[in-house]
Amino acid sequence: MGKIISGKEVAKLLRADIKSYVEKIKSQGKRVPCLATIIVGNDSGSLYYINNQNKICNELGVDTRNISFKENISEAELIETIHKLNEDDTVDGIMLQIPLPRHIDEKKVTSTICADKDIDGLTDKNLGKFYKGEKSFIPCTANSALELIKSTGISIEGKKAVVIGRSNIVGKPTANLLLNENATVTICHSRTQNLKEICKEADILVVAMGKPNFVSSEYVKEGAIVIDVGTSSLNGKICGDVNFQDVIDKAAFITPVPGGVGALTTTLLIRNTCEASEKNVY
Ligand code: NAP
C-alpha cells in the first residue's frame, strides 16, 4: 500500500519556519509582511480561500488587508485599486481572487499587479523569468505539487514525469518545474492519444484535469509517485482527478484530496509574501 503524502504535514513544517521568521522581523522592530487580497463579488470558493488565508496569516503573525467589491465594479476602478496597492509600501503581496465578473478582462487586470508583489507568479514578467529559468515567483499550485514530490525524499533527476493538463496556472508551470529538476517530462492534454500507455510509463504522475476520479490504477506504474491536483465537487464533496482507493495499492506515494496539493498552496503564497517583503528582487 502506498504512502499518503500529507499536504497538511508539509504545510505545518513550512509554517513553523514562517512563524519564526516573522517573530525575528518583529523583534528587530521591523514591519511584518502584509498580504492584500482583492475579491469581486461573493464567489463561495474565493470567500473560502480568503478566510483560510486570513486564518493562517493571523496564526503566523502576517498582516492582511482584504478589499472586497460588488460584482458591478468597473474594470477601471479595479485597476486603480491595484495601482494604489502597487505603490503602497506597507503591502508586500497582492492576491486577486479569480473568477472575476464577465465584464472584467482577467488577463488585463492581473497584469497590472507589479511583478515584485505578484506572489502567485501570474504576471508576464514573472512567467517570462520562470520559463527562462531565472529567479521569479512561481505559481503556488504548481510549486505545491513540486514540494510534495520533494517531500517523498525520492530524487526527481532523470525520472520520467507525466503531467496531465496544460493550463497556464497548473499544468505548464508544473511541467516546467519538473524539467528544472531534470526530470524527463511529457505533457498530456485532451487530444493526447494513448493516454493510459503514456501515464503507465511515469515514475511521477501529476494529474491536473478537473475530471473527478478519472485516473484509475490502469494509468499508474507500480511504485509511482501520484500527485492529484484536481478539485471537483462531486455529490457535495471535494473530489480529486485520481481514484484514490483504486490507485493507493499500486502507487508508492499518493496525495489525497482534500489534504494534498490544496493544503499547501496558501502557505506557499504566504511564504512568497515574506520573500517579497524581504527585498524587491523579482
Ligand atoms: P483547466 O484549465 O480546465 O485545464 C484542464 C486540463 O486538463 C487541460 O489542459 C485539458 O486539456 C486537460 N484535460 C481535460 N480532459 C482531459 C482528458 N480527458 N484527457 C487528457 N487531458 C484532459 O484546469 P486547471 O485550472 O488546470 O485545473 C485543473 C484541476 O486542478 C481542476 O480540478 C482545478 O479545480 C484544480 N486546481 C486545484 C488547485 C489546488 O490548489 N488544489 C489550484 C488550481 C486548480 P486541453 O488543454 O486539451 O483542453
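Because only heavy atoms are used, hydrogens play no part in the values below, and waters and symmetry mates are left out as well, while side chains stay in. Just follow the structure's listing: the first ligand is 1, and inside any ligand the first atom is 1.
- Of the candidates T231, N168, I187, T192, the one placing a heavy atom closest to atom 34 (O) of ligand 1 is T231.
- For atom 15 (N) of ligand 1, the closest heavy atom belonging to the protein is K211 CE, 3.3 Å.
- Salt bridge status for K107 with D124: present, with a side-chain N to carboxylate O gap under 4.0 Å.
- Relative to atom 35 (C) of ligand 1, the option among V229, T266, L264, I164 with the closest non-hydrogen atom is V229.
- Checking only distances, S167 does come within under 3.5 Å of ligand 1, N or O to N or O.
- Every atom of ligand 1 with a heavy atom of G165 under 4.0 Å away is listed here by number and element: 6 (C), 7 (O), 9 (O).
- Side-chain atoms of N213 and D241 form no donor-acceptor pair, as typed in the model, at a separation below 3.5 Å.
- Comparing heavy-atom distances from atom 42 (C) of ligand 1 across T141, I98, L268, D241 singles out T141 as nearest.
- Within ligand 1, the atoms closer than 4.0 Å to a non-hydrogen atom of T265 are 40 (O), numbered from 1 in the order shown.
- When only interatomic distances are considered, the shortest N/O to N/O separation between S190 and ligand 1 falls below 3.5 Å.
- Note that CD1 of I270 is 6.5 Å distant from CG of L35, once rounded to the nearest 0.5 Å.
- Contact check on K196 versus E218 returns a salt bridge, with a Lys/Arg side-chain nitrogen under 4.0 Å from an Asp/Glu carboxylate oxygen.
- Contact check on R271 versus E147 returns a salt bridge, with a Lys/Arg side-chain nitrogen under 4.0 Å from an Asp/Glu carboxylate oxygen.
- Any N or O atom pair closer than 3.5 Å counts here, and R166 shares at least one such pair with ligand 1.
- The hydrophobic cluster containing V40, built from Ile/Leu/Val/Met/Phe/Trp/Tyr side-chain heavy atoms closer than 4.5 Å, also comprises I38, I67, F69, I73, L78, I79, I82, L85, V91, I94, L96, I98, L100, I104, V109, I113.
- With respect to the salt-bridge test (charged N to carboxylate O, under 4.0 angstrom), the residues R31 and D92 qualify.
- Near G262, with a cut-off below 4.0 Å to any heavy atom, the atoms of ligand 1 are 40 (O), 41 (N).
- Those atoms of ligand 1 with a heavy atom of F214 less than 4.0 angstrom away are 18 (N).
- Close contacts between ligand 1 and I169 involve ligand atoms 25 (O) [criterion: under 4.0 Å to a heavy atom].
- When only non-hydrogen protein atoms are considered, atom 20 (C) of ligand 1 lies nearest to H189 O, 3.1 Å.
- The hydrophobic cluster containing V257, built from Ile/Leu/Val/Met/Phe/Trp/Tyr side-chain heavy atoms closer than 4.5 Å, also comprises I238.
- Annotation for ligand 1: atoms under 4.0 Å from non-hydrogen atoms of V170 are 26 (O), 43 (C), 44 (C).
- The pair K221-E201 fails the salt-bridge criterion, with no side-chain N (NZ, NE, NH1 or NH2) lying under 4.0 Å from an Asp/Glu carboxylate O.
- In this structure, of K172, M209, R191, the residue bringing a heavy atom nearest to atom 16 (C) of ligand 1 is M209.
- In summary, the aromatic rings of Y219 and F214 are positioned with their centroids under 6.0 Å apart.
- A salt bridge links K150 to E181: one of the charged nitrogens lies within less than 4.0 Å of a carboxylate oxygen.
- In this structure, of G210, P212, P258, the residue bringing a heavy atom nearest to atom 29 (C) of ligand 1 is G210.
- Counting the atoms of ligand 1 from 1 in the order shown, those under 4.0 Å from a heavy atom of A208 are 5 (C), 6 (C), 7 (O), 28 (C).
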